[in-house]
Amino acid sequence: MELIAVENLPGGSAAPPVRVGKVTISEEAIAQEMQYHPADSVADAQLKAARALVVRELLSQRAQELGLAPIVDARGVENDEAMTDLLDRELEVPEPDETACRRFFEANPQRFYAPVTFRVRHILLAAAPEDAQARDAQYHQGVELLEQLSRNPERFVEFALRHSACPSKDDGGELGWLSPGQTVPELDRALEHLPSGLHDRPLASRYGWHLVDIEERVESSPLPFEQVADRVRHTLFEQATRRALRHYLLALEETYGVEGIVLDEEAGGALMQ
């Protein structure tokens, strides 16, 4: 989408208004809409907001033409049910067949892997991020405990009960089977790359220092098609829906006319966000 910026106009004159048919979308409306479209810059947020309002207005005018319920009520609130009704009537998105699903699966094997999993136990030596003295003391205690555990690994349960600040201490520090995303990000990133066994250094997190023992590790592995068929089908259906929306919105743009902004190949994305 292109929104003509003031600085791109001769003499710095004001940007042309954004219109859909005979309806003008005000600068105030775009500014208000920007809060729902976070972006890296004000200009990008403005583009996203303007595009969203243009799409909404195109759908509103089409719904009115068909005699359907308004897409936006008198208070300016979107009616999701009315929008769904319109799109159900107007869009024809075929369900992907098994041949298409298998072709997509075979072309994108990296998307369908079971994540790495690990059976973990740990000892948490608690220290707040801003307490440098406590963190230093707990780190040195962690090093001492690891040296003892390297000689006497059977003492892990004892040390967890005596020293850990995590509720898992009552289970000897056992966290059970974990996969990426199931623990704090700092520990999560480290676990993904550590080998099995007792790690020889304390691992830092916002909660303090972790003494980690990976008791068992199962590497990531490809999933069979039968196990991910529904995911594949959903992915392809969503892609087809985006294409259908794009063509539909560009057709509405041609029918009703849009000024001040141009819907491009991402037209369908404005509605899917």
Side-chain angles (χ1 to χ4, degrees), residues 1-2 20 33 36-40 44-45 47-72 77-117 177-182 188 192 218-258 261-273:
M1 180 194 68
E2 293 180 354
V20 180
E33 180 71 15
Y36 305 114
H37 304 275
D40 294 334
D44 286 342
L47 287 172
K48 290 182 178 181
R51 181 176 63 188
L53 292 176
V54 166
V55 166
R56 189 173 75 174
E57 182 58 33
L58 286 169
L59 296 174
S60 294
Q61 293 189 24
R62 179 58 176 165
Q64 183 178 16
E65 182 180 348
L66 295 174
L68 302 178
I71 298 296
V72 182
V77 178
E78 290 185 12
N79 184 335
D80 291 337
E81 187 175 334
M83 188 175 296
T84 299
D85 183 38
L86 171 65
L87 295 178
D88 284 346
R89 288 178 54 131
E90 297 279 271
L91 294 184
E92 292 186 8
V93 183
E95 286 282 350
D97 59 24
E98 184 169 340
T99 299
C101 289
R102 285 189 177 276
R103 187 183 305 119
F104 182 83
F105 172 78
E106 292 167 3
N108 299 275
Q110 72 284 356
R111 298 181 61 166
F112 304 105
Y113 266 64
V116 60
T117 56
W177 284 96
L178 300 177
S179 57
Q182 290 189 302
D188 196 53
E192 195 168 355
V218 177
E219 298 300 333
S220 177
S221 59
L223 294 168
F225 173 77
E226 290 71 22
Q227 195 169 333
V228 297
D230 287 343
R231 275 173 54 193
V232 175
R233 189 173 295 107
H234 175 77
T235 299
L236 288 181
F237 185 78
E238 187 178 70
Q239 290 178 355
T241 299
R242 285 183 179 274
R243 288 193 297 270
L245 277 171
R246 173 185 176 253
H247 292 299
Y248 178 62
L249 292 171
L250 292 177
L252 292 183
E253 178 188 25
E254 182 70 21
T255 299
Y256 298 114
V258 174
I261 201 169
V262 177
L263 294 178
D264 64 6
E265 66 275 4
E266 295 183 356
L271 190 57
M272 299 286 283
Q273 289 173 351

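Look at Glu95 and Arg233 and you find no salt bridge, because none of the NZ, NE, NH1 or NH2 atoms lies under 4.0 Å from a carboxylate O. Here Glu98 pairs with Arg102 in a salt bridge; the nearest charged N to carboxylate O distance falls below 4.0 Å.
Between Arg243 atom CZ and Arg246 atom CZ the span is 10.5 Å, to the nearest 0.5 Å. Remark: Arg56 CZ to Gln61 CD distance equals 12.5 Å, nearest 0.5 Å.
Closest approach of Asp44 to Ala39, counting heavy atoms only: CB-CB, 3.5 Å. When all heavy atoms are compared, the tightest approach of Ala100 to Leu236 is O-CD1, 3.6 Å. Shown here for Ala63 and Ile71, the closest heavy-atom pair between the two residues is CB-CG1, 3.8 Å. Ala52 and Glu33 make their closest contact through CB-OE2, 4.0 Å (heavy atoms, listed as atom of the first residue, atom of the second, distance). The minimum heavy-atom distance linking Ile261 with Glu253 is given by the pair O-OE2, 4.3 Å. Phe237 and Pro94 get closest at one heavy-atom pair: CD1-O, 3.9 Å.
For the pair Cys101/Pro96, a side-chain contact is recorded, criterion being any heavy-atom separation below 4.5 Å from C-beta on. For the pair Val258 and Leu58, the minimum side-chain heavy-atom distance is below 4.5 Å. Looking at Leu245 and Leu91, their side chains come closer than 4.5 Å, going by heavy atoms from C-beta outward. Side-chain contact between Glu57 and Val55: absent, with no pair of heavy atoms (C-beta onward) separated by less than 4.5 Å. Side-chain contact between Leu59 and Tyr248 is present, with at least one heavy-atom pair separated by less than 4.5 Å.
A perpendicular orientation is assigned to the rings of Phe104 and Phe112, their planes being inclined by more than 60° (bins at 30° and 60°).
Looking at Gln182 and Ser179, their side chains do bring a donor and an acceptor atom within 3.5 Å of each other.
Each of Leu86, Leu87, Asp80 was compared with Met83 under the side-chain contact (heavy atoms from CB on, under 4.5 Å) criterion, and only Leu87 meets it.
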Show, in sequence, the C-alpha distance, side-chain angles and deciding distance for Tyr256 and Glu65, and conclude whether the side-chain hydrogen bond (donor to acceptor under 3.5 Å, both in side chains) test is met. CA-CA 11 Å; Tyr256 298 114; Glu65 182 180 348; 2.3 Å; yes
Leu66 vs Glu90, side-chain contact (heavy atoms from CB on, under 4.5 Å): CA-CA, chis, key distance, verdict: CA-CA 10 Å; Leu66 295 174; Glu90 297 279 271; 3.8 Å; yes
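Side-chain atoms of Asn79 come within 3.5 Å of backbone N or O of Ala82 as a donor-acceptor pair.
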